[in-house]
Amino acid sequence: MSDLSIQKVVVANRGEIALRIIRAAKELGIRCVALYSEPDRDSLPVIMADEAYCIGPGPSARSYLNIANIISAALLSGADAIHPGYGFLAENSYFAEICSSHGIKFIGPNHEVMNNMADKAMAKQLMSEHGLSVIPGTRGIIQDTREAEAWVAEYGFPVMIKATAGGGGKGMRIAYDLDELISNVKFAQAEAEAAFGIPGVYLERYFPGARHIEVQILADEKGSAVQLGERDCSVQRGYQKLTEESPSPALDDNISTAIKNAALIAAKAAGYTNAGTIEFLVDSDGRFYFLEINARIQVEHPVTEFITGVDIVKAQFIIASGEPLPFDQKDVKMKGHSIECRICAEDPERNFAPSPGQISKLVFPGGPWVRTDSALYPGCHVPPYYDSIIAKVVVWGNDRDEAVARMIRALGEFIIEGISTNLKFQQRLIASPEFKEAKIFCDSDVLSLVFGRTD
Amino acid sequence: MSDLSIQKVVVANRGEIALRIIRAAKELGIRCVALYSEPDRDSLPVIMADEAYCIGPGPSARSYLNIANIISAALLSGADAIHPGYGFLAENSYFAEICSSHGIKFIGPNHEVMNNMADKAMAKQLMSEHGLSVIPGTRGIIQDTREAEAWVAEYGFPVMIKATAGGGGKGMRIAYDLDELISNVKFAQAEAEAAFGIPGVYLERYFPGARHIEVQILADEKGSAVQLGERDCSVQRGYQKLTEESPSPALDDNISTAIKNAALIAAKAAGYTNAGTIEFLVDSDGRFYFLEINARIQVEHPVTEFITGVDIVKAQFIIASGEPLPFDQKDVKMKGHSIECRICAEDPERNFAPSPGQISKLVFPGGPWVRTDSALYPGCHVPPYYDSIIAKVVVWGNDRDEAVARMIRALGEFIIEGISTNLKFQQRLIASPEFKEAKIFCDSDVLSLVFGRTD
Amino acid sequence: MELKDLRREVSGFARIMTSYDIAELELEMEGLTVRLRRETDVSSPHKVGVGAEAPSEDNRIIITAPMVGTFYRAPAPDEEPYISAGGTVLPGQTVCIIEAMKIMNEIQSEVKGRVIEILVENAEPVEYGQPLFILETL
Amino acid sequence: MELKDLRREVSGFARIMTSYDIAELELEMEGLTVRLRRETDVSSPHKVGVGAEAPSEDNRIIITAPMVGTFYRAPAPDEEPYISAGGTVLPGQTVCIIEAMKIMNEIQSEVKGRVIEILVENAEPVEYGQPLFILETL
């Protein structure tokens with residue numbers, strides 16, 4: 001029996017984040033309804049939940065993205081809230097609206113706020129009006145290469161060409177001069193047309209050596225908001241995050257404070273509620289630019305939990321129940337350093353090809369200040385339909401050196417057999433001198449660094 | 001490569017504490033030598049260590065207590081230190097002395113200090129001289145019932161009759177009046193003669209409803225010492241600890257501060273070095289009495305690690321290397337509340353009979369602020385020769401309520417099949433109103449509380 | 001546990017038994033005993049090439065729920081059920097309704113067959129893939 | 001990995017194969033391949049009642065180290081080994097020394113037999129239970 005207005009929640013997700021949500025709900029006394037696709041029938045979230053409904057076959061479009069089945073199951077179970085996790089329907093404002101029209105609380109911001117923030121141009125405009133620097137870029141889609149040339153004449157090189165329909169690192173190209181600009185704009189338009197059916201591309205200033213910094217926000221529905229510090233997510237491979245940490249090893253205190261304040265301004269400007277992340281790019285001179293708001297719980301939220309002691313998913317339930325945040329900014333004390341490594345079912349030796357299959361042997365890392373968030377268990381199957389993240393190894397240390405040593409130790413004791421994973425790749429990355437010196441950022445050549453070669 | 005003078009350590013223990021020591025050593029860059037008995041050949045510490053030596057067959061006396069084989073293996077491996085863990089040879093001053101005579105650093109206090117503290121009467125005398133209250137008791141062994149009567153005439157009832165050769169809860173009897181005293185002294189002498197071959201018993205005042213409080217100490221070899229707060233170990237079954245927590249839910253701040261200061265005085269009076277625990281009994285009026293010093297790392301050290309952020313086993317290596325403590329008392333900040341549950345291979349339905357066997361299915365609890373220290377893995381065997389502790393589930397919360405809710409959640413997701421365990425017993429205990437209200441102490445009838453009956 | 005919850009559980013177990021070709025299942029919990037037995041004979045789908053004289057189980061097909069919702073046997077509470085045990089259905093004939101998000105979805109049979117068993121009570125919730133009817137194809 | 005470490009590992013694997021009656025073992029690691037094959041025949045100790053014509057493996061016994069220490073084949077560096085391959089030993093005869101904590105422990109054979117193989121090099125460390133000699137009982 002929960003003290004909150006939410007008594008029963010539908011977990012509209014799978015894998016480690018579904019388990020994470022169930023854990024938070026159980027600690028609050030909230031009953032949990034797992035939804036699952038057919039291949040996930042024997043998964044840990046289904047086992048751990050109080051009840052479970054099958055919502056479709058393996059492919060996401062027919063199960064975890066099947067709004068009708070999800071809403072039906074929520075109504076049948078008598079749940080009063082839905083937690084979408086990340087990915088799938090997490091940032092789908094239409095889904096949020098349907099939940100609300102059925103009297104089910106969507107755990108996240110208001111669907112109108114979601115809608116506004118999903119329009120990147122509108123979001124940038126709003127933040128600019130509130131005094132934040134935003135990434136310089138064209139106002140919207142460029143019609144032709146001449147328009148691109150005109151913009152570059154004013155703002156200069158290098159520039160990034162992005163497809164409006166892209167995202168998650170897909171459909172991005174960089175140009176350093178006019179020749180590259182013209183050929184890449186044409187190429188990007190053709191590529192976007194082929195990949196997404198929408199040829200629209202736009203330009204943004206590109207900052208070599210920039211770091212990817214995001215600030216965790218919690219905002220209640222009474223108008224209070226706190227920030228829980230920044231996360232540095234600069235270690236990426238092809239725009240996919242590999243490891244994240246908090247605090248950033250690269251920001252000085254003044255910049256860190258300024259970014260955190262800017263994030264609070266952004267959250268308030270957007271009318272944001274619940275847990276969310278404000279993303280910034282920080283260039284090599286320490287100037288920072290608003291990028292976007294991620295209106296969801298994020299994969300890397302555990303590093304923030306480790307340094308603040310705040311249970312972000314529990315806070316989501318409290319906020320969604322209409323309660324005020326049980327603490328304010330001065331109660332948030334940051335201590336030590338935390339790092340997360342994403343362990344994925346993929347084969348680094350075969351260009352990170354997905355590697356589904358059955359887990360034959362499994363020993364998680366453990367011991368002090370090591371947290372492994374994963375829905376794997378020995379003998380379980382990793383189905384081919386979903387995101388390849390199968391485990392997150394998160395460590396805490398009194399300082400970054402201790403955290404790095406602990407992560408090396410933890411990855412070293414992780415045994416996972418039956419499928420290929422990026423575990424060894426991550427071990428080499430974390431143990432590299434470049435990582436220890438925090439010299440890896442978004443456009444570093446991580447592959448050559450880890451493999452000692454370019455490919 | 002370690003920055004410390006210790007470069008290679010022999011782990012003279014098994015199970016979860018061996019794994020704990022290996023984890024700390026690896027984070028410091030110290031190479032690890034596992035020692036194992038024949039049935040422990042495929043155990044996790046052997047798998048995780050850098051090298052391993054078999055030191056004998058299953059029975060402890062021929063392996064984990066086999067000093068000759070342990071020292072030989074240490075010499076052959078070229079190790080410069082031995083960590084004894086808890087139990088086995090951890091408080092054997094003779095073993096510590098042999099280590100030292102072979103030029104191997106014993107990770108613990110000086111063997112002379114160990115020897116002094118092992119003599120309970122001498123330890124009490126010393127602490128009394130330093131102004132600590134000690135449990136009132138006879139100066140040593142009582143010769144006959146008349147001597148017992150004389151002591152009781154001065155100090156009163158109730159009294160506890162203890163065998164000098166006993167320990168860990170064995171050989172203890174309580175008397176509330178003269179009849180019980182006479183019969184129990186005779187009985188205890190006969191029992192001690194039969195069980196230990198030594199009939200000597202002594203008397204101590206017995207305090208009904210007293211709580212068992214211990215203070216974690218770290219003292220370096222340069223003369224500095226810090227305390228890391230108290231642990232409340234009052235929840236016991238037949239003098240065996242079941243759960244431990246920090247801070248104590250029953251002490252007010254004044255008493256807590258006074259006990260912690262007394263512990264530092266005791267450690268200094270004893271010339272104590274390395275990690276150790278000062279044990280006190282706190283009666284229902286808040287008066288506290290020195291009991292003894294535990295000269296070892298203790299089973300329940302993780303609760304202190306959780307609330308302080310101090311890695312106690314790493315600190316042991318740093319101290320044993322002759323380094324000063326890297327922090328002082330004012331750097332030690334306690335935050336939140338931590339609880340540990342001991343999970344044992346025993347059957348509560350059959351009077352807690354040991355339950356060795358093969359683990360057929362195993363899923364550890366996980367998620368935020370849950371730490372499971374265990375050397376179990378799926379398919380491993382729990383041999384019949386050793387202590388029945390197979391896992392420690394430790395949680396942290398911002399306050400005790402959050403920690404209790406988290407422990408209930410964590411125990412609920414622990415799946416362990418193939419052997420009987422006290423998991424369900426612990427679940428009922430932690431979920432009981434008496435535990436929530438911290439009303440369970442050493443002589444509570446835990447069994448009737450959990451089972452709803454007396455037996 | 002209420003009887004209705006128990007039924008859903010038992011139906012779940014039965015499905016597991018079918019999926020994994022399990023002949024018997026016994027369960028004992030505090031105050032609850034469940035025993036299930038299945039005929040796993042030579043006509044099991046795992047065995048190939050049994051051929052002509054295969055018993056009638058070979059002709060059985062199961063209609064499962066294509067969506068999550070509430071199962072209704074009739075178009076309205078006061079009307080006749082679409083089909084009943086022993087009756088015959090034709091391809092394309094409506095066998096039940098599943099209400100999902102206030103929309104009544106008519107579920108059709110894809111084969112011609114005789115209704116052997118109706119597995120779900122009227123007005124009960126069904127999940128995706130849950131068996132609704134056993135038919136014997138004709 | 002040094003050759004001597006490798007030898008200890010291989011001896012460990014061999015022991016596991018014997019314990020669990022494993023016929024073949026293959027291992028591949030970065031830059032290392034190990035293949036082991038055992039003759040597990042009808043005379044395997046797990047099979048009872050094979051009787052008279054059992055091959056000679058049945059008569060083999062292994063002398064293992066009763067303690068951890070350093071293995072010496074001779075009482076002193078300049079003296080003859082206690083036993084050599086092909087030689088005969090009697091019950092109670094010293095077969096080697098294991099030095100542990102500066103003490104020289106003479107290890108005796110419990111049976112009469114012929115030395116088939118000596119499994120450890122002189123002056124090598126041995127752990128508890130490590131096979132030292134293979135004898136054929138006489």
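Note on naming: letters A, B, ... go to the chains in the order of the sequence lines (proteins, then strands), and numbering restarts at 1 for each one.
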Tell me, side chain or backbone of B:Ile98 under 4.5 Å from chain D's heavy atoms, or both, or neither? side chain
Closest-packed option against chain D by number of heavy-atom pairs under 4.5 Å, given B:Gly56, B:Ser63, B:Ala74: B:Gly56
Using a 6.0 Å cut-off, check whether atom CD of D:Glu79 has over 12 heavy atoms from anything other than its own residue. yes
Do B:Ser37 and D:Tyr128 come within less than 4.5 Å of each other through their side chains, counting heavy atoms only? no
What do you reckon, is CG of B:Asp119 surrounded by more than 12 foreign heavy atoms closer than 6.0 Å? yes
Nearest heavy-atom pair of B:Ser72 and D:Ala100: which atoms, and what distance? OG-CB, 3.1 Å
Contact class of B:Ile55 relative to chain D, heavy atoms under 4.5 angstrom: both
For the residue pair B:Tyr36 and D:Glu127, what are the closest heavy atoms and their distance? OH-OE1, 3.2 Å
Which residue pairs satisfy the side chain to side chain donor-acceptor pair (under 3.5 Å) criterion with at least one member in residues 86-95 of chain D, sequence neighbours excluded? D:Thr94-D:Glu106, D:Thr94-D:Gln108
Non-hydrogen atoms of D:Val68 and B:Asn69 that approach each other most closely: N-OD1, 3.0 Å
So does D:Glu110 have more than 12 non-hydrogen atoms from other groups sitting under 6.0 Å from CD? no
